[in-house]
**Student:** 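Structure in structure tokens, see below.
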Amino acid sequence: MPKEYRTIEEVAGPLMLVRGVQNVTYDELGEIELADGEKRRCKVLEIDGGNALVQLFEASTGINLESSKVRFLGRPMELGVSEDMLSRIFNGLGRPIDGGPEILPEKRMNVNGLPMNPAARSYPQEFIQTGISAIDGLNTLVRGQKLPIFSMSGLPHANLAAQIARQAKVRGTDEAFAVVFAAMGITFEEANFFMESFRETGAIDRSVMFINLVNDPAVERIATPKMALTAAEYLAFEKNMHVLVIMTDITNYADDLREVSAARKEVPGRRGYPGYMYTDLASLYERAGRQKGKSGSITLIPILTMPEDDKTHPIPDLTGYITEGQIILSRELYRKNVSPPIDVLPSLSRLKDKGIGEGKTRADHADVMNQLFSAYARGKEAKELMVILGEAALTDMDKLYAKFADEFEKEYVSQGYYTNRDIEETMEIGWKLLRILPRSELKRIKDEFLDQYYDEK
């Protein structure tokens, strides 16, 4: 039986100081019993001699320093995992909130995960089809990749996240595919949107959802992504499933990290965020990937709203360092009713070259992708010139490129949130748009592909 302590010295926000403890270790889970028998969970943040600084998972209201007891459980925070988690909805601490029964765990796993030896990683190289042309055709997602979505407040990143969760699949295999969805600090309305969207389309059957609402405790929010990634590791590396983890919104997670850091009176770093935020985010993102000798994989799409639309803000900045590219949503495209408003030029998937080509997508994919990027960039330049100098100053070729840019946004990028395009359809739309330009302009495409596809009408 764990030893009980009645030596709570003080409670400050989400933190509590317990004096005179023995054999208590960092990150150990604890339990606070109030005078009326109610129990709340906490974990050890810091040990200084016989003093333990603990972080509360629930609210601190009602904790009486005299009559409350603390016991430490001798183990870190764990999640009970089982295949029964699929099609279920949990809160940020892994408790069911969908009215269903408790999970009977096959095993209990430490939520901090096991660090993956870099030498044991396999290189990501299999194409994941999201059904979204701007991602599949131009910024391809590869199995085992970490590809964040940088959004701005008010943009429909929730619709895009739900669309990817519903549509994503690994082509050409019948291997089991699962989605682990973690929502941090979202409103009830958003949570309801995701739950209904998953239920309507049947995507819930292959999904595990962890929902932390904006009125839930900040500390639960910090635990939510760890819970989700633990469930993903179990499904991927023990049940050999391809797991897509979608986490929204990383900005809320980082803000709560800052709140707890401030309560601990730590020296702040950039914009008040803790200096260890880089390491903290890396400890989440780096749990994605593939392991040698195991057929399962974890592909990660973290979504974050950039404060003040600034991609140099610490949260997107550090995320960009750790991950392999980014998908950027644009306010300008959103105003033009382009949905999803993906700005393809500053977006980047660093691993796209590994996931495309013969046998994966199509042999002409790389050439078409490069040509579309080039033509769209030139078309946007032409449109800017048109605004400054007027249409009369443009050459006929510039006008063609300007027309290409408009058609590209309208037909290729703007497909709505309920259109699921396979890669062949995405490629055909790309060729259709390139036919706006004369063949002599398509210098990035090999003649053999031009002969095969350009003249098709």
Side-chain angles (χ1 to χ4, degrees), residues 116 118-150 160-161 163-181 206 229 232-233 235-237 240-247 282 284-303 319-328 340 342 344 346-370 372-373 420-427 430:
M116 206 190 292
R121 285 180 179 271
S122 295
Y123 204 86
Q125 53 191 12
E126 282 158 278
F127 169 65
I128 289 183
Q129 180 174 292
T130 63
I132 300 162
S133 294
I135 297 177
D136 293 349
L138 300 173
N139 295 292
T140 316
L141 178 65
V142 181
R143 210 181 112 204
Q145 183 177 6
K146 309 176 283 290
L147 186 64
I149 293 173
F150 289 2
L160 183 60
Q163 184 177 14
I164 293 171
R166 289 193 307 265
Q167 296 179 177
K169 63 176 186 183
V170 178
R171 280 166 51 102
T173 65
D174 50 3
E175 292 162 315
F177 191 85
V179 175
V180 174
F181 185 84
R206 55 173 188 146
L229 286 159
E233 282 171 346
L235 294 171
F237 303 130
N240 298 321
M241 297 174 96
H242 299 311
V243 184
L244 176 66
V245 181
I246 298 175
M247 299 198 297
L284 297 179
Y285 299 152
E286 289 297 340
R287 289 170 73 172
R290 302 182 56 199
Q291 285 184 14
K292 285 181 181 159
K294 294 190 178 173
S295 59
S297 64
I298 298 176
T299 307
L300 177 63
I301 299 184
I303 298 173
T319 294
Y321 281 129
I322 304 162
T323 53
E324 292 115 9
Q326 68 279 330
I327 303 290
I328 295 184
I342 295 173
V344 297
S347 296
L348 168 72
S349 166
R350 293 193 182 106
L351 300 179
K352 64 186 172 195
D353 298 340
K354 303 289 179 285
I356 63 175
E358 188 92 62
K360 293 177 181 174
T361 52
R362 222 166 72 171
D364 58 325
H365 190 156
D367 287 10
V368 170
M369 175 180 76
N370 291 335
L372 287 171
F373 270 128
N420 188 356
R421 294 177 179 166
D422 61 27
I423 188 64
E424 286 75 20
E425 188 182 348
T426 290
M427 295 298 297

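These numbers come from a predicted model, not from an experiment.
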**Student:** Are any non-hydrogen side-chain atoms of Leu147 and Gln326 less than 4.5 angstrom apart?
**Tutor:**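 No, every pair of side-chain atoms sits at 4.5 Å or beyond.
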
**Student:** Which is it for Arg421 and Ser133 under the side-chain hydrogen bond (donor to acceptor under 3.5 Å, both in side chains) test, yes or no, and what are the steps along the way?
**Tutor:** CA-CA 7 Å; Arg421 294 177 179 166; Ser133 294; 2.8 Å; yes

**Student:** Could you measure the distance from the CD1 atom of Ile149 to the CD1 atom of Ile246? Nearest 0.5 Å is fine.
**Tutor:**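 Reported value, rounded in 0.5 Å steps: 7.5 Å.
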
**Student:** Rounded to the nearest 0.5 Å, what separates atom OG1 in Thr130 from atom CD1 in Ile164?
**Tutor:**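 Reported value, rounded in 0.5 Å steps: 6.0 Å.
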
**Student:** Which heavy atom of Val344 sits nearest to which heavy atom of Phe373, and what is that distance?
**Tutor:**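 Smallest interatomic distance, heavy atoms only, reads O-CE2, 3.3 Å.
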
**Student:** Nearest 0.5 Å, please: how far is CD1 in Ile303 from CZ in Phe150?
**Tutor:**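 Those atoms lie 12.0 Å apart.
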
**Student:** I need the full list of salt bridge (charged side-chain N to carboxylate O under 4.0 Å, His left out) pairs touching residues 290-303, with sequence neighbours left out, sorted by first then second residue.
**Tutor:**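 Pairs touching residues 290-303 that pass the test: Glu126-Arg290.
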
**Student:** Quick one: salt bridge (Lys or Arg N to Asp or Glu O under 4.0 Å) partners of Lys146, sequence neighbours excluded?
**Tutor:**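 By the salt bridge (Lys or Arg N to Asp or Glu O under 4.0 Å) rule, Lys146 matches Glu286, Glu324.
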
**Student:** Could you check if a side-chain atom of Arg362 sits within less than 4.5 angstrom of a side-chain atom of Ile423, using non-hydrogen atoms only?
**Tutor:**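 When only atoms from C-beta onward are counted, Ile423 and Arg362 do not touch, as no gap falls below 4.5 Å.
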
**Student:** Could you grab the distance from atom CG of Asn139 to atom CD1 of Ile132, nearest 0.5 Å is fine?
**Tutor:**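 Going from the CG atom of Asn139 to the CD1 atom of Ile132 covers 11.5 Å.
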
**Student:** Taking side chain to side chain donor-acceptor pair (under 3.5 Å) as the test, write out the residues that go with Arg166, two or more places apart.
**Tutor:**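 For Arg166 the side chain to side chain donor-acceptor pair (under 3.5 Å) partners, ignoring immediate neighbours, are Ser197.
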
**Student:** Rounded to the nearest 0.5 Å, what separation is found between the NZ atom of Lys352 and the CD atom of Gln145?
**Tutor:**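 Rounded to the nearest 0.5 Å, the NZ-CD separation comes out at 10.5 Å.
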
**Student:** Compare all side-chain heavy atoms of Ile298 with those of Glu233 and state whether any distance is below 4.5 angstrom.
**Tutor:**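 In short, these two side chains touch, coming nearer than 4.5 Å.
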
